[in-house]
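Just so you know, residue 1 is the first one in the sequence shown, and it goes up from there.
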Amino acid sequence: QVQLVESGGGLVQPGGSLRLSCAASGVTLDDYAIGWFRQAPGKEREGVSCISRSDSSTYYADSVKGRFTISRDNAKNTVYLQMNSLKPEDTAVYYCAADRRGCLFYLQGRVMNYWGKGTLVTVSS
């Protein structure tokens, strides 16, 4: 069974920081590319970031580049999304997704195989 659980969402002020976690069970995340996606109210889901099976390849949407950092901790079987300098437009439900086929699927807009249920991030004063 592949199970992904996001955590770390919440309410944060503009300019603040938040760290999201994607914890896996049933799989070793080191064997999977992990993508972060978000869906804002009234908008389509969009890709935020992806990390390959190793951390040697990472990808970011232009809207978050320089502010967000994706990383993995293999010992904890967890992938993180560090979000800094948050803006109100970052408000969304954030999802993590895993796919053995790699970040190419993320880059091409393909649907990744396994998804978490999401965690809500609200950026507001």
Side-chain angles (χ1 to χ4, degrees):
Q1 179 186 4
V2 177
Q3 187 172 29
L4 305 175
V5 179
E6 303 95 336
S7 62
L11 176 64
V12 64
Q13 296 187 55
S17 298
L18 213 56
R19 187 197 197 198
L20 305 184
S21 299
C22 177
S25 62
V27 295
T28 300
L29 280 190
D30 189 47
D31 295 329
Y32 292 78
I34 305 297
W36 282 99
F37 300 80
R38 67 186 183 186
Q39 187 167 20
K43 295 185 177 181
E44 296 294 315
R45 187 171 62 218
E46 63 175 340
V48 175
S49 184
C50 189
I51 186 166
S52 298
R53 293 176 61 177
S54 69
D55 62 1
S56 60
S57 297
T58 57
Y59 307 90
Y60 299 93
D62 289 341
S63 59
V64 307
K65 197 170 298 182
R67 299 188 298 120
F68 291 11
T69 303
I70 190 169
S71 62
R72 65 167 73 242
D73 186 334
N74 291 333
K76 295 182 178 180
N77 211 27
T78 300
V79 171
Y80 303 99
L81 184 68
Q82 178 67 45
M83 306 185 296
N84 298 326
S85 302
L86 284 162
K87 305 173 181 179
E89 49 263 46
D90 294 319
T91 295
V93 176
Y94 283 71
Y95 302 87
C96 67
D99 200 307
R100 248 180 183 150
R101 295 169 293 184
C103 284
L104 181 62
F105 271 58
Y106 165 88
L107 294 171
Q108 294 183 341
R110 303 284 300 276
V111 177
M112 300 180 81
N113 279 341
Y114 307 106
W115 291 79
K117 295 180 178 64
T119 185
L120 176 63
V121 172
T122 303
V123 185
S124 177
S125 59

### Task
With the side chain counted from C-beta on, respond yes when Arg53 and Asp31 share a heavy-atom pair under 4.5 Å apart, and no when they do not.
yes
### Query
Rounded to the nearest 0.5 Å, what separation is found between the CZ atom of Arg72 and the OG1 atom of Thr78?
10.5 Å
### Query
Do Lys87 and Val123 have side-chain heavy atoms sitting under 4.5 Å apart?
no
### Query
Do Val121 and Leu18 come close enough that some side-chain heavy atom pair is under 4.5 Å?
yes
### Summary
dist Thr91:OG1 -> Leu120:CG (nearest 0.5 Å) comes out at 8.0 Å
### Message
By the disulfide bond (SG atoms under 2.5 Å apart) test, which pairs, at least two apart or in different chains, include something from residues 1-43?
### Response
Cys22-Cys96
#### Entry: Leu81 CG to Arg38 CZ distance, which is reported to the nearest 0.5 Å
9.5 Å
### Task
Sort and list the pairs that fulfil salt bridge (Lys or Arg N to Asp or Glu O under 4.0 Å) and have at least one residue in residues 91-117, not counting sequence neighbours.
Asp99-Arg101
### Task
Using side-chain hydrogen bond (donor to acceptor under 3.5 Å, both in side chains) as the criterion, list what pairs up with Tyr106, not counting sequence neighbours.
none
### Query
Centre of Trp115's six-membered ring, under 6.0 Å away, within 45 degrees of the axis: is that where NZ or CZ of Arg45 sits?
yes
### Query
Got a donor-acceptor contact below 3.5 angstrom from the Ser85 side chain to the Gly15 backbone?
no
### Query
Are any of the side-chain heavy atoms of Val12 and Thr122 separated by less than 4.5 Å?
no
### Query
So if you build clusters from Ile, Leu, Val, Met, Phe, Trp, Tyr with side-chain heavy-atom gaps below 4.5 Å, do Leu4 and Val48 land together?
yes
### Summary
Of all heavy-atom pairs linking Ser52 and Cys103, the shortest is N-SG, 3.6 Å
#### Entry: Shared hydrophobic cluster, Leu107 / Phe37 (ILVMFWY, side-chain heavy atoms < 4.5 Å)
yes
### Message
Ignoring hydrogens, what is the shortest heavy-atom contact between Ala61 and Gly47? Give both atom names and the distance.
### Response
CB-O, 3.5 Å
### Message
Filter on side chain to side chain donor-acceptor pair (under 3.5 Å), then keep only pairs touching residues 16-25, sequence neighbours left out; what's left?
### Response
Gln3-Ser25, Ser17-Asn84
### Message
Working to the nearest 0.5 angstrom, can you tell me the gap between Lys76 NZ and Leu29 CG?
### Response
14.0 Å
### Query
Out of curiosity, Ile51 CD1 to Ile70 CD1, how far, rounded to the nearest 0.5 Å?
5.5 Å
### Approximate separation, where rounding is to 0.5 Å, of Ser124 OG and Leu11 CG
6.5 Å
### Query
Less than 4.5 Å apart, any side-chain heavy atom of Ile34 and any of Met112?
no
### Task
Mind jotting down which residue pairs meet the ring pair (Phe, Tyr, Trp, His ring centres under 6.0 Å) criterion with at least one end in residues 57-102? Sequence neighbours excluded, please.
none
### Summary
Taken in chain and number order and not counting sequence neighbours, the residues that satisfy side-chain hydrogen bond (donor to acceptor under 3.5 Å, both in side chains) with Asn77 are none
